[in-house]
There are 4 protein chains.
Amino acid sequence: MPDKTAPDAARRSQRSRQAICEAALSLVGETGYDKLTIEGIAARAGVGKQTIYRWWPSKGAVLLDAFTETMEAGEGTLPDTGDLATDLKAVLRATVDEFNDPAFQAPYRALYVAMVNDSEVSAGFTSKVMEPGTQAYVDRIRAAQDAGEVSEDIDPRLAAELILGPFAQRWLLRSQPLTHEFADSLVDMALTGLRPRNPRA
Amino acid sequence: MPDKTAPDAARRSQRSRQAICEAALSLVGETGYDKLTIEGIAARAGVGKQTIYRWWPSKGAVLLDAFTETMEAGEGTLPDTGDLATDLKAVLRATVDEFNDPAFQAPYRALYVAMVNDSEVSAGFTSKVMEPGTQAYVDRIRAAQDAGEVSEDIDPRLAAELILGPFAQRWLLRSQPLTHEFADSLVDMALTGLRPRNPRA
Amino acid sequence: MPDKTAPDAARRSQRSRQAICEAALSLVGETGYDKLTIEGIAARAGVGKQTIYRWWPSKGAVLLDAFTETMEAGEGTLPDTGDLATDLKAVLRATVDEFNDPAFQAPYRALYVAMVNDSEVSAGFTSKVMEPGTQAYVDRIRAAQDAGEVSEDIDPRLAAELILGPFAQRWLLRSQPLTHEFADSLVDMALTGLRPRNPRA
Amino acid sequence: MPDKTAPDAARRSQRSRQAICEAALSLVGETGYDKLTIEGIAARAGVGKQTIYRWWPSKGAVLLDAFTETMEAGEGTLPDTGDLATDLKAVLRATVDEFNDPAFQAPYRALYVAMVNDSEVSAGFTSKVMEPGTQAYVDRIRAAQDAGEVSEDIDPRLAAELILGPFAQRWLLRSQPLTHEFADSLVDMALTGLRPRNPRA
DNA sequence: GCGTAACCGAGACGGTACGTCAAGTCTTTGA
DNA sequence: TCAAAGACTTGACGTACCGTCTCGGTTACGC
């Protein structure tokens with residue numbers, strides 16, 4: 001006996017689910033996160049509001065689902081040419097281009113908002129969107145460690161954050177433009193560190 | 001060139017302004033950003049709604065004003081004991097504690113949301129809130145350069161971002177807890193970089 | 001051809017409609033027409049504002065509906081004792097009493113205001129409220145014509161107005177009190193006219 | 001002990017008074033009574049709101065003042081050609097034309113609303129606007145009594161109402177158009193009455 | 001001829017109500 | 001049988017005015 005007349009997932013209409021996700025993505029691109037409404041999504045999807053409320057707890061959750069759907073085929077690995085700096089720069093430059101594309105930026109920024117507000121969404125976003133990307137960095141760095149290109153005693157995850165954190169911040173704050181030069185400098189600095197290579201001695 | 005019959009700032013009631021800022025801060029702490037309403041602020045402040053709309057364009061702007069007011073006395077400099085790592089760790093540990101304090105965290109997180117949504121707020125937030133803090137790091141790092149503790153050819157601002165970016169990211173994503181250990185590791189890694197200090201030694 | 005995605009009248013909640021009408025009538029009696037507010041009606045009726053806006057275009061229209069509802073059972077005929085003067089006086093005296101009753105007067109006066117302002121309401125008021133009452137007079141006068149008591153060449157409708165018009169004006173203007181004597185005199189004068197019965201000749 | 005620090009009428013600005021009256025009349029013609037606002041009048045007149053509140057208790061009172069001002073030169077008498085019917089018809093036809101003029105109709109209708117709502121205005125309206133007009137009818141009818149044209153035992157004031165009441169009613173209700181034919185019929189019927197002139201002849 | 005007391009314009013203030021929009025719940029209807 | 005359609009209550013939105021108040025400035029009177 002279900003506690004709350006739980007919906008029967010088996011009978012779920014895939015057509016509706018699809019339409020709702022598409023509507024949510026296209027609307028958030030047009031109007032931004034906080035003008036995104038359940039009513040609007042329902043109307044655009046040609047669906048009753050209840051169909052949304054039945055399956056998602058909040059508009060943030062809808063957005064998260066919609067977003068993850070578009071990136072099913074996450075390319076989980078970074079290239080490995082043997083030179084870590086080159087590989088990281090290549091990937092980060094591509095990411096720069098992606099985050100400068102308005103069509104991609106709008107829903108991503110919306111998700112960020114949804115996430116900061118709602119720790120439910122936060123968990124999903126972290127594990128489904130952020131984690132795969134980060135893990136690819138971690139793997140590549142670990143490979144570099146095995147090749148002796150990176151010091152053994154550093155934590156690869158923290159190292160990944162050292163690169164991705166400043167990148168994300170600059171994108172969020174819009175404080176300075178995201179450029180390829182920025183990507184390159186960031187990688188270089190992360191690899192080298194602040195301290196002089198050959199201290200006095 | 002008057003934009004729209006601008007209100008006369010000279011006649012502005014300081015009592016109201018104060019009350020509105022306080023109400024905004026206390027409410028955002030209680031209910032979170034997206035349950036924060038202009039009506040609620042007006043009611044709590046004992047003020048007509050129009051008095052808010054007259055002086056601020058959005059609730060994000062109110063929040064920004066309210067927040068900046070509490071940090072007028074920005075501590076603009078970092079300590080300088082001569083050892084950069086020690087100084088950065090000390091400050092970052094203090095920041096960790098601050099960002100773990102729920103009373104501080106709520107309005108700050110709210111501001112982040114306001115900012116990601118609204119590039120108007122974004123600019124104000126960056127220049128009034130982020131910039132002073134970042135600048136203190138920049139100054140300290142430049143001092144370290146003068147002392148020969150940091151390589152001459154790095155950009156101090158980018159270096160500051162290298163530390164603050166990962167920190168902000170971890171706080172926003174709630175992916176892992178903010179601890180003193182994290183602060184220390186972050187500083188160490190930023191100073192040293194990923195590459196082995198003494199390659200092939 | 002529905003103008004604007006017209007609501008589906010079949011699904012209309014009769015409970016809400018009833019409550020709104022009752023609330024409107026009781027409130028207008030307490031506060032007068034221009035202190036009557038949609039918000040007040042909604043609150044008193046325990047109903048959302050939107051439920052009012054969905055079905056009525058203005059507070060005048062609500063009032064008109066509410067008022068007509070109370071007089072569904074319009075007694076459409078005047079007594080006919082064979083003596084027109086007697087019958088008219090009897091009815092007009094009753095009307096005097098009715099219009100001196102504050103409980104009746106308030107909403108009626110309010111409707112007058114709504115009507116003078118708004119020709120939409122004006123038409124409804126005329127056809128649903130005024131017309132039935134006037135028609136009863138017309139019928140009785142026509143009967144009197146058939147009985148030879150009233151001249152054949154007068155227009156019964158104009159005759160009805162000859163009696164009701166002065167009555168309504170005195171009520172509206174509050175210039176002099178509405179009394180039974182006034183009713184009697186009015187009927188007498190309307191029947192006899194100003195001219196001497198037996199002119200010189 | 002002054003009740004409310006009454007303003008000093010001697011120092012009143014006639015320029016402002018004039019401007020307010022003109023603004024009130026022109027605005028009520030453009031927007032109707034209930035869209036007429038004190039703020040609007042003040043703005044149009046180039047006057048502070050307080051200047052209105054200082055001298056008038058309500059917008060109805062302003063309107064009444066404004067209206068009476070335009071009819072200072074009240075034509076206090078009806079023509080007397082010796083034939084009452086002719087004279088009454090002439091005047092009533094002129095009144096028909098006046099009340100069909102939109103420029104005149106709008107403020108007059110507005111005043112009616114103000115009056116039905118507010119018994120303060122009602123008294124002023126009756127005595128300053130209605131009374132002079134009615135009195136002219138009363139005088140003319142009394143003259144006709146002296147000339148033997150009208151029965152001695154009728155009340156001239158009631159007689160005046162017998163004509164003016166139906167006229168006002170038809171104008172207010174917009175139930176049927178105001179025409180010269182209506183004016184003529186009304187006068188004829190009022191003079192003759194409903195009963196046959198020569199019963200049983 | 002010089003305060004000084006008023007009215008004046010302007011408009012900010014704490015409020016109320018507007019008419020709209022959307023949230024989230026509940027009921028009716030059709031396939 | 002359940003999804004759609006959509007009416008319902010609730011409540012915030014941003015706007016328009018309310019009537020009160022305070023601000024300089026400008027008369028115009030009384031000393």
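Note on naming: letters A, B, ... go to the chains in the order of the sequence lines (proteins, then strands), and numbering restarts at 1 for each one. Values below: every heavy atom of this structure, side chains too, minus hydrogens, waters and symmetry copies. This structure is a prediction, so every number in the text was calculated from the model and none was measured.
Side chain of B:Val47, nearest nucleotide from F:dC13, E:dG14, F:dT9: E:dG14. Comparing F:dA7, F:dC8, F:dG19 by their nearest atom to the side chain of C:Asp8 picks out F:dA7. Ranking E:dA23, F:dC18, F:dC13 by closeness to the B:Glu39 side chain, first place goes to F:dC13. Relative to the side chain of B:Arg54, the nucleotides E:dG19, E:dA12, F:dC8 differ in distance, and E:dA12 lies closest. Closest to the side chain of D:Thr51, from the set F:dC13, F:dG19, E:dC8, is E:dC8.
Taking each heavy atom of B:Ile52 and B:Ala42 in turn, the nearest pair found is CD1-N, 3.8 Å.
The 12-atom threshold is not exceeded at CZ of B:Arg15, counting heavy atoms of other residues, nucleotides or ligands nearer than 6.0 Å.
Nucleotide F:dT15 holds its C1' atom 13 Å from the NZ atom of D:Lys35, rounded to whole Å. Straight-line distance from the CD atom of B:Gln18 to the P atom of E:dC13: 14 Å, rounded to whole Å. Atom pair D:Ile41:CD1 and F:dC17:P shows a separation of 11 Å (rounding to whole Å applied). Counting to the nearest Å, the C1' atom of E:dA10 and the CD1 atom of D:Ile20 are 14 Å from each other. One interatomic measurement links the two molecules: CD1 of A:Ile38 to P of F:dA5, which rounds to 16 Å at whole-angstrom precision. Spacing between atom CG of A:Leu27 and atom C1' of E:dA22 amounts to 14 Å, rounded to whole angstrom units. The CG atom of C:Asp34 sits 15 Å away from the C1' atom of F:dG19 (whole-angstrom rounding). One interatomic measurement links the two molecules: CD1 of C:Ile52 to C1' of E:dC18, which rounds to 13 Å at whole-angstrom precision.
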C:Cys21 and C:Val62: CA distance, side-chain angles, deciding distance, side-chain contact (heavy atoms from CB on, under 4.5 Å) verdict: CA-CA 7 Å; C:Cys21 287; C:Val62 175; 5.7 Å; no
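Figure legend: D:Arg12 and D:Trp56 shown as a cation-pi pair, the cationic atom lying under 6.0 angstrom from the six-membered ring centre and within 45 degrees of its axis.
For E:dA6, neither phosphate oxygen OP1 nor OP2 lies less than 4.0 angstrom from any side-chain nitrogen or oxygen of D:Trp55. Contact annotation: D:Trp56 side-chain N/O to F:dG19 OP1/OP2 distance is not under 4.0 Å. Regarding contacts with the backbone of E:dG14, a side-chain N or O of B:Ser16 is found under 4.0 angstrom from either OP1 or OP2. The shortest distance between the side-chain N/O atoms of A:Ser58 and the OP1/OP2 oxygens of E:dA23 is not below 4.0 Å.
Of the residues near DNA chain E, A:Pro57 and B:Ala45, the one whose nearest nucleotide (by heavy atom distance) lies more toward the 5' end is B:Ala45. Positionally, the nearest nucleotide of DNA chain E for C:Thr37 lies more toward the 5' end than for the other of A:Lys59 and C:Thr37. Toward the 5′ end of DNA chain F lies the nearest nucleotide of C:Gly46, the other residue of the pair C:Gly46 and B:Tyr53 mapping further downstream.
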task: Summarise how protein sits on nucleotides 21-31 of chain F as a single string, 5' to 3': B when a protein heavy atom is under 4.0 Å from the base, S for sugar-phosphate-only contact, - for no contact.
output: BBB---BB---
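You'll find the side chain of A:Arg174 reaches within 4.5 Å of the side chain of B:Ser119, heavy atoms only.
At a threshold of 4.0 angstrom between heavy atoms, the contacts of D:Gly40 with the nucleic acid are absent.
Sorted by first and then second residue, the side chain to side chain donor-acceptor pair (under 3.5 Å) pairs involving residues 25-39 of chain C (not counting sequence neighbours) are C:Ser26-C:Arg44, C:Glu30-C:Arg44, C:Glu39-C:Lys49.
Screening D:Tyr112, D:Tyr108, D:Phe125 for a ring pair (Phe, Tyr, Trp, His ring centres under 6.0 Å) with D:Phe67, the sole residue that qualifies is D:Tyr108.
A donor-acceptor pair is defined here as one N or O able to donate and one able to accept, closer than 3.5 Å; such a pair exists between the side chain of A:Thr68 and the backbone of A:Leu64.
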